[in-house]
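Structure record follows, encoded as structure tokens.
Residue numbers start at 1 and run along the sequence shown.
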Amino acid sequence: MCDYSLEMYGSRPAREGELYVTTRFPSGSIGFAAPGDPRIPVCVQCDTKVVLTDIPVAMQATWAIGAEVQTTFSQRDTGLYRDGLRLADGRFVSLQDLPVGVGAYIPTLLEREGAKRIKVPEAVD
């Protein structure tokens, strides 16, 4: 999903394994963009695992996390900025609270993760 605040921009869906960086767009909103294409927001589906990297020391201290942490992309029900990340302990971090320049990648897209869980029935003769 992409926040309403980023709807005015052309966007594209996230890709498995691609590296992203938190970017401040001209509207002032913070979202993910590919480093080589900082003008186009990258939209992430809710419940997708997102690994944050290069987390600044101050943010590590504030949120009691390491330099890299696995999160889950999530959305709040209300507010101008709804997109964020849920930490393992359930805390919600708005994308707007992330400093510009934090790295991120998606280890497995939600569709692929779900496909791995589907058991195909065996053929019956």
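Between the side chain of T23 and the backbone N or O of F32 there is no donor-acceptor pair closer than 3.5 Å. Not a single donor-acceptor pair under 3.5 Å links the side chain of S11 to the backbone N or O of V42. Side-chain atoms of Q60 come within 3.5 Å of backbone atoms of I55 as a donor-acceptor pair (strictly under, hydrogens ignored). Side-chain atoms of T62 come within 3.5 Å of backbone atoms of A58 as a donor-acceptor pair (strictly under, hydrogens ignored). A donor-acceptor pair is defined here as one N or O able to donate and one able to accept, closer than 3.5 Å; such a pair exists between the side chain of S94 and the backbone of Q96.
V21 is not connected to L52 by any chain of hydrophobic side-chain contacts under 4.5 Å among Ile, Leu, Val, Met, Phe, Trp and Tyr, and they are in different clusters. I65 and Y105 fall into different hydrophobic clusters, where Ile, Leu, Val, Met, Phe, Trp and Tyr side chains are chained together by heavy-atom contacts under 4.5 Å. V69 and W63 end up in the same hydrophobic cluster when Ile, Leu, Val, Met, Phe, Trp and Tyr side chains are linked at under 4.5 Å. Criterion: ILVMFWY side-chain heavy atoms under 4.5 Å apart, direct or through other members. Under it, V44 and I40 are not part of a common hydrophobic cluster.
Taking both residues in full, the closest heavy atoms of V102 and P56 are given as CG2-CD, 3.8 Å, listed atom of the first, atom of the second, then distance. Y81 approaches S29 most closely through the heavy-atom pair CE2-OG, 3.2 Å. The nearest pair of heavy atoms linking A14 to I106 is CB-CD1, 3.3 Å.
Applying the side-chain hydrogen bond (donor to acceptor under 3.5 Å, both in side chains) criterion to T72, with sequence neighbours excluded, gives K49. For S74, the side-chain contact (heavy atoms from CB on, under 4.5 Å) criterion is met by R86, F92, not counting sequence neighbours.
Considering OG1 of T48 and CD of E16, their distance stands at 10.5 Å, rounded to 0.5 Å. Rounded to the nearest 0.5 Å, atoms CZ (F73) and CG (L85) are 6.5 Å apart. Interatomic distance, CG of D83 versus CD1 of I30, reported as 12.5 Å (0.5 Å rounding). Atoms CD and CZ, on Q75 and R82 in that order, are 7.0 Å from each other to the nearest 0.5 Å. Distance CG/L98 to OG1/T71: 8.5 Å, rounded to 0.5 Å. The distance from atom CE of M59 to atom CG of D97, rounded to the nearest 0.5 Å, is 8.0 Å.
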Quiz item: Run the side chain to side chain contact (heavy atoms under 4.5 Å, CB included) check on Y20 and R15 step by step: do they pass?
Solution: CA-CA 10 Å; Y20 304 114; R15 298 179 186 135; 3.9 Å; yes

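Taking 4.5 Å as the limit, every side-chain heavy atom of C43 sits out of range of all side-chain heavy atoms of P13.
Atom CZ of R39 sits in a sparse spot, with 12 or fewer heavy atoms from other residues, nucleotides or ligands closer than 6.0 Å.
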